[in-house]
Amino acid sequence: MVQLLFTLSSHMLFIYLSFYLLKDLVKWEKILKVTADNTKKIRLLVAFLSIALGFIISSFFISLYQLWQEALRALL
């Protein structure tokens, strides 16, 4: 149960951080043609990119954590 909550909270944290950074740091006007018609589509794209990036980063750190646990168990 603790592992489940740890994994879920890690995913949510990194998805939130990815969304915040993609929304504020990336100038989407320079990459995509932003108009009044496609603003919602661009926001959805940013949300999907945030989910994918956040999940990948979170999975990476969870894997490192699990490797660290296995290494400590092997030493003891």
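Note that the structure is predicted; figures quoted are calculated from it, not measured. FYI, side chains are in, hydrogens and waters are out, and symmetry mates aren't considered; it's all heavy atoms of this structure.
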**Asked** Given a cutoff of under 4.5 Å between side-chain heavy atoms of I, L, V, M, F, W and Y, with clusters grown through shared members, what are the other residues clustered with Trp68?
**Response** Leu72
**Request:** Under 4.5 Å between side-chain heavy atoms, chaining through other members, with only Ile, Leu, Val, Met, Phe, Trp and Tyr counted: pull out the rest of the cluster around Phe6, sorted by chain and number.
**Result:** Ile62, Tyr65
Quick one: side-chain hydrogen bond (donor to acceptor under 3.5 Å, both in side chains) partners of [X], sequence neighbours excluded?
{"X": "Glu29", "value": "none"}
{"X": "Ser10", "value": "Ser58"}
{"X": "Thr35", "value": "Asn38"}

Tell me which pairs pass salt bridge (charged side-chain N to carboxylate O under 4.0 Å, His left out) where either residue lies in [range], with sequence neighbours left out.
{"range": "residues 46-62", "result": "none"}
{"range": "residues 49-63", "result": "none"}
{"range": "residues 8-23", "result": "none"}
{"range": "residues 46-62", "result": "none"}

**Request:** Just do the side chain to side chain contact (heavy atoms under 4.5 Å, CB included) check on Leu53 and Leu21 with the steps written out, would you?
**Result:** CA-CA 11 Å; Leu53 187 61; Leu21 291 174; over 6 Å; no
**Request:** Sort and list the pairs that fulfil ring-ring contact (aromatic ring centres under 6.0 Å, His included) and have at least one residue in residues 13-40, not counting sequence neighbours.
**Result:** Phe14-Phe61
Distance in Å, [X] [atom1] paired with [Y] [atom2], rounded so as to fall on 0.5 Å steps:
{"X": "Gln3", "Y": "Leu5", "atom1": "CD", "atom2": "CG", "value": "10.0 Å"}
{"X": "Thr39", "Y": "Asp37", "atom1": "OG1", "atom2": "CG", "value": "8.0 Å"}
{"X": "Ile15", "Y": "Ile56", "atom1": "CD1", "atom2": "CD1", "value": "10.5 Å"}

**Prompt:** Partners of Glu70 by salt bridge (Lys or Arg N to Asp or Glu O under 4.0 Å), sequence neighbours excluded?
**Reply:** Arg73
**Request:** Decide yes or no for Ile57 and Leu17: does some side-chain heavy atom of the first lie under 4.5 Å from some side-chain heavy atom of the second?
**Result:** no
**Request:** Name all residues meeting the ring pair (Phe, Tyr, Trp, His ring centres under 6.0 Å) criterion together with Phe60; count only those two or more places apart in sequence or in a different chain, and write none if there are none.
**Result:** none
**Message:** Tell me which one of Asp24, Leu25, Val26 satisfies side-chain contact (heavy atoms from CB on, under 4.5 Å) with Leu22.
**Reply:** Val26
**Prompt:** Are Val46 and Ile31 co-members of a hydrophobic cluster defined by side-chain heavy atoms under 4.5 Å apart?
**Reply:** yes
